[in-house]
Amino acid sequence: MPRFAGIATFARLPRLDEVGRADIAVVGIPFDGGVSYRPGARFGPAHVREASRLLRPYNPAQDVHPFGAQQVADAGDIAVNPFDLSEAVAEIEAGAHALGQDVDRIVAIGGDHTIALPLLRAVHAQHGPVAVLHFDAHLDTWDTYFGQPITHGTPFRRASEEGLIDQTASMHVGIRGPLYSKEDLRDDARLGFAVVTSEDLEEEGVAAAIARIRARVGDAPLYISIDIDVLDPAHAPGTGTPEAGGLTSRELLRILRALADLRIVGADVVEVSPAYDHAQLTAVAASHVVYELLSAMAPRTASEEQA
Ligand SMILES: N=C(N)NCCCC(=O)O
Ligand SMILES: [Zn+2]
Ligand SMILES: [Zn+2]
């Protein structure tokens, strides 16, 4: 079958119902009822799958076959109520929990960043508090919007309040742009996050950022949440709340490759909004981000480690 033909699963992987069990499920969460600005991330999973057809089985940058070293399958989408945010959040948590019966780990494709909260609730039920490594232009530790506590700008405040995160090991990477006030940063630190800003990355370089991330996370169980708007709008225009001055996709992929020996227990890639995308730029970047995550999660054989 030519790679551009046929129904799109992520990277042309088998569906979970074709293999029964898997080490890792890639699952779509087509929900965008938590956005504060441009909508459309509900179409993210289908768009990222469509743009992932060109991914190939061997990843030379990590010297690993991400789909050979482990069983990865596409679990389809978690069906969520687009009209009721509370119900949607409950459905995502229940869906992740149910999926966890058939797979060891989940990599979710959003959807807006709201989905990180129910995903972290499900991860916490299995692992206890986890280090959250959060790539984003935005802190997403704001309190409420229009009085609402659960939105795409608030998942990590709720997660911290609920005790879902390891407050000694969590970190944001790529933060930039205007805030509401200086208090935002004080609140964020109190909620348990260290920060590598986009400017830090520019000034200190990627290697220094990697060293800071690794020192912060250590050997804690690690959840990686990637808002595609961490990338500069030149690299990822198709997103809901773009901010100038972001990472290149090359920088983000390099950082992810440096995390392969950490204890990654789950991940999400969120905020791809296809109506604002051009030539699949954002979706190709997101598909490679997922591919690099799956590669980092793959077990290494002794020969691969020696090589
Ligand atoms: N894109 C995410 N997740 N959050 C952005 C929230 C920015 C705001 O509306 O204040
Ligand atoms: Zn963001
Ligand atoms: Zn976000």
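Remember, it's 1-based here, ligands and their atoms both numbered in the order they're listed.
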Looking at [atom], what's its closest protein heavy atom, distance included?
atom: atom 1 (N) of ligand 1; answer: Thr241 OG1, 2.9 Å
atom: atom 8 (C) of ligand 1; answer: Tyr145 OH, 3.2 Å
atom: atom 4 (N) of ligand 1; answer: Asp140 OD1, 2.8 Å
atom: atom 9 (O) of ligand 1; answer: Ser36 OG, 2.5 Å

Show me which atoms of ligand 1 lie under 4.0 Å from any heavy atom of Tyr180. 8 (C), 9 (O), 10 (O)
In terms of atom number and element, which parts of ligand 1 are under 4.0 angstrom from non-hydrogen atoms of His113?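 Counting atoms of ligand 1 from 1, those under 4.0 Å from His113 are 3 (N).
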Check each heavy atom of [X] against ligand 1 and say whether those closer than 4.0 Å belong to the side chain, the backbone, both or neither.
X: Asp112; result: neither
X: Asp227; result: side chain
X: His138; result: side chain
X: Asp229; result: side chain

Of Arg15, Arg49, Arg42, the one forming a salt bridge (Lys or Arg N to Asp or Glu O under 4.0 Å) with Asp77 is Arg49
Report the relative orientation of the aromatic rings in His134 and Phe156; use parallel for angles under 30°, tilted for 30 to 60°, perpendicular for over 60°.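 Tilted.
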Should the pair Tyr58 and His65 be assigned to parallel (<30°), tilted (30 to 60°) or perpendicular (>60°) ring geometry?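 Geometry flag for His65 against Tyr58: tilted rings.
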Supply the atom-to-atom distance Phe31 CZ to Leu85 CG, rounded to the nearest 0.5 angstrom.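 It is 4.0 Å, given to the nearest 0.5 Å.
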Nearest-0.5 Å distance that lies between atom CD1 in Ile92 and atom CG in Leu117: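 Rounded to the nearest 0.5 Å, the CD1-CG separation comes out at 9.0 Å.
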Testing Asp140, Leu139, Val196 for side-chain contact (heavy atoms from CB on, under 4.5 Å) with Ile175, which one passes? Leu139
Starting from the Zn ion (ligand 3), look over the N/O/S atoms of Asp227 and name the nearest one. OD2
Do you know which N/O/S atom name in His138 is closest to the Zn ion (ligand 2)?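 Sorting the N, O and S atoms of His138 by distance to the Zn ion (ligand 2) puts ND1 first.
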Consider every N or O of Trp142 and every N or O of ligand 1, then say whether any pair is closer than 3.5 Å. no
Is there an N/O/S atom in His113 at a distance below 2.8 Å from the Zn ion (ligand 3)? yes
Would you say Asp140 has an N, O or S atom lying under 2.8 Å from the Zn ion (ligand 3)?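 A backbone or side-chain N, O or S atom of Asp140 is under 2.8 Å from the Zn ion (ligand 3).
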Quick one: the OD2 of Asp229, the Zn ion (ligand 2), OD1 of Asp136 angle, rounded to 10°, please.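 Once rounded, the angle between the two atoms at the Zn ion (ligand 2) is 130°.
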Before accepting this row, confirm whether a basic side-chain N of the pair Glu199/Arg176 lies closer than 4.0 Å to the acidic partner's carboxylate O.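 Looking at Arg176 together with Glu199, the answer is no, because their closest N to O distance does not fall below 4.0 Å.
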Could you tell me whether Arg158 and Asp143 make a salt bridge, using a distance below 4.0 angstrom between a side-chain N and a carboxylate O?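 Yes, charged N to carboxylate O under 4.0 Å.
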Do you know the tightest heavy-atom contact between Ala283 and Asp277? N-OD2, 3.3 Å
Does a sphere of radius 6.0 Å around CZ in Arg186 hold more than 12 heavy atoms from other residues, nucleotides or ligands, not counting ones at 6.0 Å or beyond?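 Count over threshold, so yes.
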